Amino acid sequence: MEKILFRSTNRQSQPVSFSQALFKGQAPDYGLYMPLRLPKFSFEKIKEFAGKPYYEVAFEIVKPFVHDEIPESDLLELCKRAYNFPVPVEKLDSSIYILYLDRGPTASFKDFAARLMAQIMNYLASKKGVSLTILVATSGDTGGAVADAFFNLENIEVFVLFPLEEITQRQRKQMTTLGGNVKAIAVRGTFDDCQALVKRAFNDPEFLQKNLSSANSINFGRLLPQSVYYFKAFAEIGENSIVFSVPSGNFGNLMGGVLAREMGLPVKKFIVAVNENDEFPRFLETGKYNPVVPSKKCPSNAMNVGHPSNLARLIDLYGGWLTDLRDEQGNVIKKGVLKIMPDMEKMRKDFISFSISNDETEQTIKYVYEKYGIVIEPHGAVSIAAAIKANLNDCVCCIETAHPSKFPEKIQEILKIEPVVPDTIAKLDQKKEHFITIDNDYQQLKEVLL
Ligand SMILES: *Cc1c(COP(=O)(O)O)cnc(C)c1O
């Protein structure tokens, strides 16, 4: 098999290899990397994933992309280190299943992408004899998953920036109690301030020799691992075709599923489940794309996204072109402009999308608890609510992306019970925190980084 190269959705930059796409993150023309070709897995091969350890399935899916950049036995070992936790699928009733992606070390599905990306990046950095600095801004779950995934990896130093007042104590502790190669920086400001500081560091020539790398959701290295659980869930459920209901924010999760379908997984439809940030269902209905600005605050807070970063990839796959308008210096003038329309007819056949209100989200948490005795949290509830609304005659797999114990107040308010806290989260309470606090001031950040 020939090597898979990656091109940019903005059509200017030259194609690059897997490791280049991984280290660059974003293409120089500000586009997102897409594979020029995809491997195909036969129905028989996919069926064989049933009963196999999760890391072996990950190895099979990732192998053709990594090609000769990592020897097979090493890649298998990296997958094994990344996936050392269970990935259960549970039958809710005759046609609805729940796939639990909340059993990783930080109890969020961000672990799936972050852990394999971290292992692969560390391996490639060591092979190239370089050390890397990962700089990431977080509004919650991403920072914890990235910090944990890179913790103790010898070739990588991690700086996570978070808004001092905008995250929960458990979220903060997931970043501040690790120590070692993970440096947590609290910013007296908002999440947007943190992002702006990070962006500035990436554009600062003084950091060139520091090999700064981002770990954000547009990196193809974070996308690919998210195809794996679709294959695994399908094989375990054992039907001949399936519908997935995907709780969506930046559409990385959804895009992982769509790539899986392109690689041969018999997915009949995707239900794109969003909260009150309804730009996608409106687009699917009207063909007009308008980001929600500012994004709405909903209890499924990791999905409070008014302009999904991975939407450019989805539109690209359907023959369209979605991009930001920029001035000559590269500053964004207008976000999310459709330069070429995608094949809307095909998109409407492959996707249905529902915006789930905050009320519906709460009612669904209550309904699932009362009817099935299962505690779900707001993100998973959006996916189940959308599956119920879709009312399809197919087997539907809903995705639970976080553990209820990350939202104890909400669960207490709706169900009047305390969610069970997994060991990984409970352990945080006793651990000591270490972090530096800075003002929203680039010079202060620079001092810390240097
Ligand atoms: C990030 C996140 C999502 C949204 O996933 P996207 O890939 O951004 O669509 C959903 N649920 C949880 C718990 C998350 O952390």
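Owing to the predicted nature of the structure, the values given are computational and were not obtained by experimental measurement. Counting starts at 1 for both ligands and their atoms, following the listed order.
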*Asks:* Would Phe251 count as being in polar contact with ligand 1, using the rule that some N or O on each side must be under 3.5 angstrom apart?
*Replies:*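 Yes, there is a polar N/O contact under 3.5 Å.
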*Asks:* Taking the six-membered ring for Trp and the full ring for Phe, Tyr or His, determine whether the centres of Phe109 and His403 are under 6.0 Å apart.
*Replies:*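 No, too far apart.
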*Asks:* Would you say that Val243 contacts Cys395 through its side chain, given a criterion of any heavy-atom pair below 4.5 Å between the two side chains?
*Replies:*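 In short, these two side chains do not touch, never coming nearer than 4.5 Å.
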*Asks:* Less than 3.5 Å between some nitrogen or oxygen of Asn253 and one of ligand 1, yes or no?
*Replies:*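 So ligand 1 has an N or O lying under 3.5 Å from an N or O of Asn253.
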*Asks:* For Phe85 and Phe112, take the angle between the two ring planes, folded into 0 to 90°, and tell me which bin it lands in: parallel under 30, tilted 30 to 60, perpendicular over 60.
*Replies:*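 Ring orientation of Phe85 relative to Phe112: perpendicular.
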*Asks:* Counting only heavy atoms, tell me which of Val246, Thr106, Asp111, Thr401 gets closest to atom 13 (C) of ligand 1.
*Replies:*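 Result: the heavy atom closest to atom 13 (C) of ligand 1 is in Thr401.
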*Asks:* Taking atom types as modelled and ignoring hydrogens, do the side chains of Tyr83 and Asp111 form a donor-acceptor contact shorter than 3.5 angstrom?
*Replies:*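 Tyr83 vs Asp111: no donor-acceptor pair found between side chains.
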*Asks:* Pairs of nitrogen or oxygen atoms closer than 3.5 Å, one from Ser248 and one from ligand 1: do any exist?
*Replies:*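 There is no such contact.
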*Asks:* Please check if the side chain of Glu157 supplies one atom and the backbone of Val182 the other of a donor-acceptor pair under 3.5 Å.
*Replies:*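 Pair absent, no side-chain N/O of Glu157 close to backbone of Val182.
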*Asks:* For atom NZ of Lys63, is the number of surrounding heavy atoms from other residues, nucleotides or ligands below 6.0 Å larger than 12?
*Replies:*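 More than 12 heavy atoms, drawn from other residues, nucleotides or ligands, come within 6.0 Å of this atom.
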*Asks:* Go through ligand 1 atom by atom and flag the ones less than 4.0 Å from a non-hydrogen atom of Asp141.
*Replies:*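 Near Asp141, meaning under 4.0 Å from one of its heavy atoms, ligand 1 has 13 (C), 15 (O).
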*Asks:* What atoms of ligand 1 come within less than 4.0 Å of a heavy atom belonging to Ala402?
*Replies:*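 Ligand 1 atoms under the 4.0 Å threshold to Ala402: 13 (C).
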*Asks:* Could you check whether Arg103 makes a cation-pi contact with Tyr100, meaning its NZ or CZ is under 6.0 Å from the centre of the six-membered ring and within 45° of the ring axis?
*Replies:*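 Arg103 over Tyr100 ring: yes.
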*Asks:* Among His379, Met303, Arg222, Lys110, which residue places a heavy atom closest to atom 14 (C) of ligand 1?
*Replies:*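 Looking at heavy atoms only, the winner is Lys110.
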*Asks:* Among all the protein's non-hydrogen atoms, which is closest to atom 8 (O) of ligand 1, and how far away is it?
*Replies:*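 Sorting protein heavy atoms by distance from atom 8 (O) of ligand 1 puts Asn250 N, 2.7 Å first.
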*Asks:* With a cut-off of 4.0 Å, which atoms of ligand 1 are near a heavy atom of Gly252?
*Replies:*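 Matching atoms, with element in brackets: 6 (P), 7 (O), 9 (O).
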*Asks:* Considering only the protein, which heavy-atom contact is closest to atom 4 (C) of ligand 1, and what is its distance?
*Replies:*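 Result: Gly249 N, 3.7 Å.
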